[in-house]
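Please read all numbers here as calculations on a predicted model, not as lab measurements. A, B, ... follow the sequence lines: proteins, then strands. Residue 1 opens every chain.
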2 protein chains.
Amino acid sequence: MELSLAEENYLKSIYHLSENGDTEVSTNAIAEDLQTKPASVSDMMRKLSDKGVIEYQKYKGVHISDKGKKIALNVIRKHRLWEVFLLEKLGFRWDEVHDIAEQLEHIKSPLLIKKLDAFLGYPSVDPHGDPIPTENGEINIQPQKSLMELNEGELGQVINVPDSNPALLRHLDQIKMKLGSLVKVIEKVEFDGSVLISIDNQSPIYLSGAISENIMLKLK
Amino acid sequence: MELSLAEENYLKSIYHLSENGDTEVSTNAIAEDLQTKPASVSDMMRKLSDKGVIEYQKYKGVHISDKGKKIALNVIRKHRLWEVFLLEKLGFRWDEVHDIAEQLEHIKSPLLIKKLDAFLGYPSVDPHGDPIPTENGEINIQPQKSLMELNEGELGQVINVPDSNPALLRHLDQIKMKLGSLVKVIEKVEFDGSVLISIDNQSPIYLSGAISENIMLKLK
DNA sequence: AAATATTTTTAGGTGAGACTAAAATTATAT
DNA sequence: ATATAATTTTAGTCTCACCTAAAAATATTT
């Protein structure tokens, strides 16, 4: 079954908002995520439901079906493989790849993705640490905690940062935080949720709560 | 000015049908080329004319403007760079690249194309021998003759074959004809327009007129 | 030059995917 | 429990790119 570009984007949004298909998603949340109006979402839900890629009851929110999940994961696979290509082969920075990959992910050619995957050496994660789903729609979700959840004294390794926020990514470049960096929480500031950390044993710096909740780590 | 995918395809068609913008193009020819109906073409001509990318008078055919030519050449540039990528980096065959490049050519990101161009080593022709326009819309059109135009005894070097006909390209693979091959016309058959040729001094074979008129050569 | 054929345009309509405004449903607060 | 607020859906439009059928313009025959 071939979905339109718009339909693919809806499915992807639902997949993400439902955290990998586990929770129900509201009409408003989808509208917000896709920068459209709730009325448009309702229309589309009827259509996607008819196609069997979501389960939908009026006023009751949306659940992605197995079929839908597979399609969403395939789009995500393509997005992340293209991100790897843009960074590793073309020399883009990690804050530049998301928007272009948003376009490339809709190119239709399974063979192209097979060959791209091989060309890139079968990567398992994209430049932001997100796991790349397999051809069969399997995805390896790692247990992770946000930097804000760590306690004073705890140590973690950065394994994931958001791909869609260039300004944040550029800031991480500035403070020299990258995937794989070891981060130690020295002090948590009660008042504003900011944290004092050291990155790879460098001199400590403060990070705002807004930033630290977006940085995902594996406990060490 | 941003054109839609459909508008870009119309411009590209007009550019090609007008042989690089030189001749007038008829409504029917465009409809045939784009597999659409003449009525749809008339609609689009009004729109493209309003945008200043073509000169159009009702019932009088269409001429592409300088502005339009530049846009068309940019799309063609992208198409041909992607074809090089697919063939040289991903290992596609030359008969497989056209359809995928038709999709990739509409990706919008000047920086992407700059970087892709560099990654490919600034190629000047695509896998079918078509010249790749520069960023500024310049294109190096070589004088060339179709194999059918050669006389008996004449020798030519293959410099261009059509990119959009996979069956033909696969046939050329079979008879081991590639870009750069030296082709000698041994005999021209009056009756059906076929020609007896030798490719790179191999044993002679017959080619139908339909094939030979699509193979473009530089006289040697 | 008139008749006929071809090409092109206009008129009106369709589906996709968006919108606004209003109605219906569900959730929250009093 | 009722009133109010928030969310969601429906109803009715809009634009885009296509369509068919009919009309208009141009080209070709006789």
Please report, rounded to the nearest Å, how far the [atom2] atom of [N] is from the [atom1] atom of [X].
X: B/Met44; N: C/dT9; atom1: CE; atom2: P; value: 14 Å
X: B/Met45; N: D/dC18; atom1: CE; atom2: C1'; value: 13 Å
X: B/Lys60; N: C/dT8; atom1: NZ; atom2: P; value: 12 Å
X: A/Asn28; N: C/dT26; atom1: CG; atom2: C1'; value: 13 Å
X: B/Asp43; N: C/dG13; atom1: CG; atom2: P; value: 15 Å

Tell me whether the centres of the aromatic rings in B/Phe85 and A/Phe85 are closer together than 6.0 Å.
yes
Both conditions, 6.0 Å and 45 degrees, for the charged tip of B/Lys69 above the ring of B/Tyr15: are they met here?
no
Between B/Phe119 and A/Lys89, is there a cation-pi geometry (under 6.0 Å to ring centre, at most 45° from the normal)?
no
Given 3.5 Å as the limit, does a donor-acceptor pair link the side chain of B/Gln103 with the main chain of B/Ile100, or not?
no
Comparing nearest nucleotides in DNA chain C, the 5'-proximal residue of the pair A/Tyr59, A/Lys37 is A/Lys37
Taking the side chain of B/Ser40 as heavy atoms from C-beta outward, which of D/dC18, D/dT9, C/dT7 is closest to it?
D/dC18
Do any side-chain nitrogens or oxygens of B/Tyr10 fall under 4.0 Å of OP1 or OP2 in D/dC16?
no
Determine: side-chain N/O of B/Ser42 to OP1/OP2 of C/dT9, distance under 4.0 Å, yes or no.
yes
Of B/Leu104, B/Asp130, B/Asp163, which is the lone residue that meets side chain to side chain contact (heavy atoms under 4.5 Å, CB included) with B/Glu83?
B/Asp163
Please collect all side chain to side chain donor-acceptor pair (under 3.5 Å) contacts where either partner lies in residues 21-33 of chain A, sequence neighbours excluded, each pair once.
A/Ser13-A/Asp33
Contact check, residues 49-58 of chain A vs DNA chain D, heavy-atom distance under 4.0 Å, returns A/Tyr56, A/Lys58
